[in-house]
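Structure record follows, encoded as structure tokens.
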There are 2 protein chains.
Amino acid sequence: MKYRIGILDDHPVVVKGLQDVLLKHGHQVVWTSNSVTDAMAKSAIQVDIIFSDIQLPDGDGIHYCKEILSVNKHVKVIGFSSFSDGSFIRNMIRNGAVGYLLKESDESLVLESIEKVMAGEQVIDPKIKEVFLETQLGIKKNDVSLTRRESEILKLIADGLSTKEIADRLFLSIKTVEAHRSNLMLKMDAKNMAHLIAVAFDRGLI
Amino acid sequence: MKYRIGILDDHPVVVKGLQDVLLKHGHQVVWTSNSVTDAMAKSAIQVDIIFSDIQLPDGDGIHYCKEILSVNKHVKVIGFSSFSDGSFIRNMIRNGAVGYLLKESDESLVLESIEKVMAGEQVIDPKIKEVFLETQLGIKKNDVSLTRRESEILKLIADGLSTKEIADRLFLSIKTVEAHRSNLMLKMDAKNMAHLIAVAFDRGLI
DNA sequence: TTGATAATCAGGGAAAACCCTTAAAAATTA
DNA sequence: TAATTTTTAAGGGTTTTCCCTGATTATCAA
């Protein structure tokens, strides 16, 4: 199937390259644009898919995504950027994008993604999946080593249990639990319990 | 290629099932075990791959993994459990496991994974990858929508700032910051600040 | 313009967290 | 066995969080 496609990117080279790939395979590139304002002005033009960069001169693809979907809720927006930054991708998806590809993707991935997206599937670049998986697995950096008791208590803290509740659960004195909490904060260089949990998540300890 | 395999699991049905699959395809199951102690006693038996459950009667697969690798660092340990709990998987991998499969995996996945693992690759059950990806993307249930001020303050809390510090930073009254904290806890159904941060990470809000 | 939502702030009190020192079993490791 | 680490625990004090009620001012959409 051949589709009507719009491209929003402020890098002429990227626009040209993507356009060539799409045209070569019979798709119609009905508009290209280098700014959010301009792209919104073209929102009346019917398209099936929009490829949108994240960083644009007058805004970002994330807000554009939300806006264009409020005008035309049937269009499939695919984030198209060189950033594999998680927060960009998350926000793009949250704002309604159905896919996110990296600019270094090869032709076949772009073409496959068009088919998948039009079939109602969500598409995330496999490279991003790998990065996400590694983050989840905490392969990054894991210098602090916690004792068995410490990680046990850490998990209970993350579950929202107070010192007293943890003490009751583990049949320990409140003072003992307090000692472990202090050690956790010391080891992980945390200022308080909220910070401790944030650090623990960052280091993949939870 | 056919390999020598050990199985550590305290569920006889699982052991039987896995063993049948492996034997049917020509692999050798050189030992099976239902406890960590017993499995360690069999550590002298040369194996290529060990399938290990997470929860065992006398310990857990995570510590077993570490121990067996200190004895035989060339063995490939594959976590094999019905838990898709992230922390188990993370810890298993951190302790040297090269793979993690779910018990509901079908035969072909198990067999493919054996080949991949022996080829030096890491194997994670695709179902887990999906869960991880969804967590990363915050797709799960992202029903809570925070206001601008709330997410601003949430981030500062995660950075370890106290109510007073946040108030100073944002030129607000302590009471205002307290109000926002209360609303955050209410919205995210958190019992205290530590829990709030944990929930926020879970939902991909940080 | 009129609700609804968001953001601001107050007082007061109970509970929990935080910080300090000190120390003795218990378990591991060398 | 000796040395080290872990786990246990106390006393006592300061600070912060947490919870309640109540209220005024912006902001934004219908």
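Below, read A as the first sequence line, B as the second, and so on, with proteins coming before strands; counting in each chain starts at 1.
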State plainly whether the residues B/D159 and B/K155 are in salt-bridge range, i.e. N to O under 4.0 Å. no
Are any of the side-chain nitrogens in B/E178 or B/K175 under 4.0 Å away from the carboxylate oxygens of its partner? yes
[X] [atom1] to [N] [atom2], straight-line distance once rounded to whole Å:
X	N	atom1	atom2	value
B/N183	C/dA7	CG	P	9 Å
A/D168	C/dA16	CG	P	11 Å
A/K191	C/dC18	NZ	C1'	15 Å
A/M193	D/dC18	CE	P	12 Å
A/I174	C/dA15	CD1	P	13 Å
A/K164	D/dT17	NZ	C1'	18 Å
A/I157	C/dA16	CD1	C1'	13 Å
A/R181	D/dT16	CZ	P	16 Å

Using a 4.0 Å heavy-atom cut-off, does [X] contact any base of the nucleic acid, only the sugar-phosphate backbone, or nothing at all?
X	answer
B/T176	base
A/L172	sugar-phosphate
B/E150	nothing
A/N192	sugar-phosphate

Work out which heavy atom in B/F80 is nearest to a heavy atom in B/K103; give both atom names and the distance. O-CE, 3.6 Å
Where A/L56 and A/N34 come nearest, the two heavy atoms and their spacing: CD1-O, 4.1 Å
If the helix axis at each end comes from five base pairs, how far does the helix from C/dT1-D/dA30 to C/dA30-D/dT1 deviate from straight, to 10°? 70°
For B/E107, check side chain to side chain donor-acceptor pair (under 3.5 Å) against everything at least two apart and list the hits. B/K24
For [X] and [N], is the shortest distance between a side-chain N/O and OP1 or OP2 below 4.0 Å?
X	N	answer
A/S173	D/dA10	yes
B/R148	C/dA6	no
B/T147	C/dA7	yes
A/S182	C/dC18	no

Side chain of B/H180: nearest nucleotide among D/dT8, C/dT8, D/dT16? C/dT8
Looking only at D/dT17, D/dA9, C/dC9, the nucleotide nearest the B/T163 side chain is D/dT17
Residues B/H11 and B/D9: side-chain donor-acceptor under 3.5 angstrom: yes
Side-chain donor-acceptor pair under 3.5 Å between B/D125 and B/S105, yes or no? yes
The answer to which of B/E178 and B/R149 contacts DNA chain C further toward the 5' end, by nearest nucleotide, is B/R149
Nearest 0.5 Å, what's the CD1-OG1 distance between A/I166 and A/T176? 12.0 Å
Quick one: the side chain of B/K175 and the base of C/dG12, do they pair up donor-acceptor inside 3.5 Å? yes
